[in-house]
Novice: 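Take this structure, written in structure tokens, and hold onto it; I'll ask about it next.
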Amino acid sequence: MGIKVAKFGGSSVADAIQLRKTREIIEKDSERNYIIVSAPGKRYSGDNKITDLLYLCKTHVEHNLPWEQLFDVVVDRFVAVEHKLGIEGHLDKYLKEIKANLVSGCSADYIASRGEYLNAILVAKYLGYDFVDTQGLILFDDRGRLMMDETDKALASELVKHERAVLPGFYGSTASSGDVKTFSRGGSDITGSLVARAIKAQVYENWTDVSGFLMADPRIVENPKPIHSISYKELRELSYMGASVLHEDAIYPARIADIPINIRNTNAPDDEGTYITAHHDPDSTAVVTGIAGSKDFTVIAIYKNMMSTGRGFVRRLLTILEDFDVNFEHLPSGIDTLSVVVSTASIEGVLDEVLEAISAQLEPDHVEVIHDVALIATVGQGMTRKPGVSAKLFTALADAEVNIRMIDQGSSEMNIIVGVENQDFEKAIKSIYKAFE
Ligand code: ASP
């Protein structure tokens, strides 16, 4: 068996109780050699994440507001954990240094990253592993873009020197200046994936507070089935439509190195969780892997006689959207019709101007705007070349008396997207789930 990389998210390292569970998980498998930690997250609903508190300290300092009490909350949380784990005083000098840097005007990225930094030092001590800082190893260019290959080389050449190590998630540094630079929120998932790639891990375990992905949102469907295995492509489609457990950018590094990602639950470590792999599970008989969706889209449907024989119609439409900085989500088309689906939030303030530009530049026969549309994606590589899937889906929606406003099936054939009215969203998901469960 090969080496495993295990990343523990904020809730898995939120306090001493969670850290004991984390250590038990790590010690149960002698191949869990490289550990990535988030900053301590929420211990209960309504609690604060350390990262949020650190950002808040920075804004207080910037606005000349009292910040010491806030910083003390951060200090107290780390000190309490140290005390409960019997490693008192280990973080003292680092906490002092961070406080001094805060006063002297450090960057927001630096201060936000200190939750992961302190936690990795603490967990390394608790496990008896080496601490390896990611500043100087995970590299960004001057425009803030991750330098994938340079990062891979830097991580690989450092990690060969450490048989077992704990690394902080969420940040690296700008290659030219050496200054700390963070990923977007939730970015420790990306660190884990980069480390897995660099050491050619057998698996990248991502430990969180749920036992992987479910076939549908449990707030809508009662007790949805867990997804045992999902391909990277299917996951991409589902996350795009709102299913979220893992940071989107965490998939790519593992994917190019062909390393499976296993989502696991720190609070239920015996659950197998979900495996995210390059290929669709050949043993799976499921036609549909998952159903996800989100509300609040707007559809602009454009009708023009002989549209299909004209040139440049789509390009001109997309240029109008680009000019108004509106991102399009889907572009279902017919012979003489073309619809564009956009998020309501992105078009709200400019809808009238966009419609005016469409009338003036495209001279359509008719334009219709459909508001309050929800999109639902039914995803599964098992549906490729399988007859009857759409029929089953549309029958389920018809039986539930859901009015379908739009249909889009990607040519990958592993995804059928329907647009329904916002108010029918939950009913539609329930009926699709029931048809394919
Ligand atoms: N601590 C960071 C956040 O709260 C990064 C992470 O946990 O992945 O977003």
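In this chain, residues are counted from 1 in sequence order. Note that ligands are numbered from 1 as they come in the structure, with each ligand's atoms numbered from 1 the same way.
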Novice: Taking the six-membered ring of Tyr117 as reference, does the NZ or CZ atom of Arg114 fall below 6.0 Å from its centre and within a 45° cone about the axis?
Specialist: yes
Novice: Test the Arg164-Tyr34 pair against the cation-pi criterion, namely NZ or CZ under 6.0 angstrom from the six-membered ring centroid and within 45° of the ring axis.
Specialist: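 The answer is no, since Arg164 fails at least one limit relative to Tyr34.
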Novice: Determine whether any heavy atom of Gly115 lies closer than 4.0 Å to an atom of ligand 1.
Specialist: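 Distance cut 4.0 Å: Gly115 fails for ligand 1.
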Novice: Suppose we call two aromatic rings close when their centres sit under 6.0 Å apart. Are Phe140 and Phe183 close by that rule?
Specialist: yes
Novice: Using heavy atoms and a threshold below 4.0 Å, how should the contact between His247 and ligand 1 be classified: side chain, backbone, both, or neither?
Specialist: neither
Novice: Take every heavy atom of Gly169, measure it against each atom of ligand 1, and state whether any distance is under 4.0 Å.
Specialist: no
Novice: Based purely on interatomic distance, does Asp189 place a nitrogen or oxygen under 3.5 Å from a nitrogen or oxygen of ligand 1?
Specialist: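 No; the residue has no nitrogen or oxygen that sits under 3.5 Å from a nitrogen or oxygen of the ligand.
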Novice: Counting each atom of ligand 1 from 1 as listed, which ones have a heavy atom of Glu116 under 4.0 Å away?
Specialist: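 Near Glu116, the atoms of ligand 1 are 1 (N), 2 (C), 5 (C), 6 (C), 7 (O).
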Novice: Ser188 heavy atoms, cut-off 4.0 Å: which ligand 1 atoms fall inside?
Specialist: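 Once the distances to Ser188 are compared, the set is 5 (C), 6 (C), 7 (O), 8 (O).
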Novice: Using side-chain heavy atoms (C-beta onward) and a distance below 4.5 Å, is Pro40 in contact with Arg77?
Specialist: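 Yes; the side chains approach each other to less than 4.5 Å.
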Novice: For ligand 1, which atoms sit closer than 4.0 Å to a heavy atom of Ser38?
Specialist: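 This gives 6 (C), 7 (O), 8 (O) as the contact atoms.
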Novice: So, is Gly10 polar-close to ligand 1, with some N/O to N/O distance under 3.5 Å?
Specialist: no
Novice: Could you tell me which atoms of ligand 1, counted from 1 in the order shown, lie closer than 4.0 angstrom to a heavy atom of Thr51?
Specialist: 1 (N), 2 (C), 3 (C), 4 (O)
Novice: Salt bridge check: are Lys295 and Glu421 linked by an N-O gap of less than 4.0 Å?
Specialist: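 Glu421 and Lys295: not salt-bridged.
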Novice: What do you reckon, does Lys7 have a nitrogen or oxygen under 3.5 Å from a nitrogen or oxygen of ligand 1?
Specialist: no
Novice: Roughly how far apart are Thr274 OG1 and His228 NE2, rounded to 0.5 Å?
Specialist: 8.5 Å
Novice: Working to the nearest 0.5 Å, report the span between CG of Leu355 and CD1 of Ile347.
Specialist: 7.0 Å
Novice: Does Val221 reach the side chain of Glu426, with side-chain heavy atoms less than 4.5 Å apart?
Specialist: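 Of all side-chain heavy-atom pairs linking Glu426 with Val221, none is under 4.5 Å.
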Novice: Would you say Lys49 and ligand 1 have an N/O pair spaced under 3.5 Å apart?
Specialist: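 The answer is no, given that Lys49 and ligand 1 share no N or O pair closer than 3.5 Å.
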Novice: Below 4.0 angstrom from a heavy atom of Arg185, which ligand 1 atoms are there? Numbered from 1 as shown, please.
Specialist: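 Those of ligand 1 that fall under 4.0 Å from Arg185 are 3 (C), 4 (O), 9 (O).
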